[in-house]
Amino acid sequence: NLYENTISPEEIMNWKEILSSLLKDMIEIHGEWHIFQDYEGNIVCILNFATEDAMKEYESYEFEDVINLAKEHIGFQVLVGISDYCFAEKDLKRAYLESIQALAGAYQETSTRIFDFKKMKNFQIREFYSYDLLEEINHCLDGFLVDKLKQIMNQELDRIKEYENPEFS
């Protein structure tokens, strides 16, 4: 069904629940974790390590296993975005946005399906859009503000076109 594009939204939700359950059973860290789906349907994992050393030693093997299982058994391509370290609850929003920003690496040619913001930051690979723009777009989507969304998108498309002009390069 997936390959014929006839899979129902309910089936997708069921598979996401199964993948979430698998992750809950697979994650083994020195600390605690929480797994849930965000408002866009993404599976979100918050890993709260007991020590900074535990964070640095973490290898994310369970995410690789889930990626392989999803691809092999249900045909889903799963991508994982990992934020920089977050030391307090007040930094969760930043960490969440960094994970989304890390997923921007999926648009570049790469063999990995795990995109780590810390590593991208070291190689100067940056998201093209600001957090403010992403928040503004999400606000428009949440409020069904179609005209405002069109205005924002047109402004961004105009800004991007400037990069095509050699005068601005």
Side-chain angles (χ1 to χ4, degrees), residues 1-3 5 7-142:
N1 287 346
L2 182 64
Y3 298 109
N5 202 22
I7 192 164
S8 72
E10 293 81 18
E11 289 176 291
I12 293 172
M13 293 295 292
N14 289 339
W15 282 114
K16 286 182 178 183
E17 287 298 321
I18 290 169
L19 292 176
S20 294
S21 294
L22 282 171
L23 271 173
K24 286 177 185 176
D25 291 339
M26 296 167 75
I27 292 177
E28 292 183 19
I29 63 169
H30 183 54
E32 59 183 281
W33 63 94
H34 303 281
I35 299 174
F36 59 94
Q37 288 190 31
D38 68 5
Y39 66 96
E40 293 180 331
N42 299 312
I43 299 170
V44 178
C45 302
I46 297 176
L47 306 178
N48 183 14
F49 296 93
T51 66
E52 189 172 345
D53 286 340
M55 278 191 296
K56 290 179 180 175
E57 293 171 4
Y58 182 66
E59 296 290 333
S60 69
Y61 294 127
E62 50 276 288
F63 293 114
E64 291 175 18
D65 291 342
V66 165
I67 288 169
N68 293 332
L69 285 169
K71 183 71 173 168
E72 185 177 320
H73 294 287
I74 57 177
F76 283 0
Q77 179 172 320
V78 174
L79 303 174
V80 176
I82 299 175
S83 73
D84 201 346
Y85 301 126
C86 181
F87 294 100
E89 283 182 27
K90 66 179 177 60
D91 296 328
L92 282 175
K93 179 180 178 181
R94 175 195 49 80
Y96 178 74
L97 292 172
E98 285 177 357
S99 345
I100 292 172
Q101 189 174 3
L103 288 171
Y107 296 107
Q108 299 172 1
E109 198 163 320
T110 179
S111 60
T112 188
R113 296 288 151 234
I114 298 177
F115 300 91
D116 190 331
F117 183 83
K118 295 177 296 304
K119 293 176 184 171
M120 295 172 75
K121 189 170 69 172
N122 292 339
F123 291 108
Q124 299 300 315
I125 299 170
R126 301 290 183 173
E127 170 64 41
F128 191 74
Y129 302 105
S130 70
Y131 290 150
D132 292 337
L133 176 64
L134 295 175
E135 285 185 22
E136 194 172 2
I137 290 171
N138 281 330
H139 172 74
C140 290
L141 291 171
D142 289 342

Spacing of [atom1] belonging to [X] relative to [atom2] belonging to [Y], to within rounding of 0.5 Å:
X	Y	atom1	atom2	value
I35	L19	CD1	CG	10.5 Å
I43	W15	CD1	CH2	12.0 Å
E98	K93	CD	NZ	13.0 Å
E28	Y58	CD	OH	10.5 Å
R94	S99	CZ	OG	9.5 Å
M55	L47	CE	CG	11.0 Å

Heavy atoms only: give me the nearest L79-F115 pair and the separation to one decimal.
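That would be CD2-CE1, 4.0 Å.
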Counting only heavy atoms not in Y61, do more than 12 sit closer than 6.0 Å to its OH atom?
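Not buried by this count: 12 neighbours or fewer within 6.0 Å.
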Can you tell me if CE on M26 sees more than 12 non-hydrogen neighbours from other groups inside 6.0 Å?
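Yes - once you tally the heavy atoms of other residues, nucleotides and ligands closer than 6.0 Å, there are more than 12.
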Report the residues that fulfil salt bridge (charged side-chain N to carboxylate O under 4.0 Å, His left out) with E52, sequence neighbours left out, ordered by chain and then residue number.
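Scan of E52 (salt bridge (charged side-chain N to carboxylate O under 4.0 Å, His left out), adjacent residues dropped) gives K56.
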Decide yes or no for E59 and E64: does some side-chain heavy atom of the first lie under 4.5 Å from some side-chain heavy atom of the second?
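A side-chain contact under 4.5 Å is absent here.
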Quick one, D53 and H30 - any side-chain contact, counting heavy atoms below 4.5 Å?
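D53 does not reach H30 side chain to side chain.
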Have a look at C45 and tell me which of I82, V80, V66, L23 forms a side-chain contact (heavy atoms from CB on, under 4.5 Å) with it.
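With C45 as partner, side-chain contact (heavy atoms from CB on, under 4.5 Å) holds for just one option, L23.
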What verdict does the side-chain contact (heavy atoms from CB on, under 4.5 Å) test give for Y85 and D91, after you've listed the backbone C-alpha separation in whole Å, the side-chain angles of each residue and the deciding distance to 0.1 Å?
CA-CA 9 Å; Y85 301 126; D91 296 328; over 6 Å; no
For F63, which residues count as a ring pair (Phe, Tyr, Trp, His ring centres under 6.0 Å) partner, sequence neighbours excluded?
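Partners of F63 by the ring pair (Phe, Tyr, Trp, His ring centres under 6.0 Å) criterion come out as none, since no residue qualifies.
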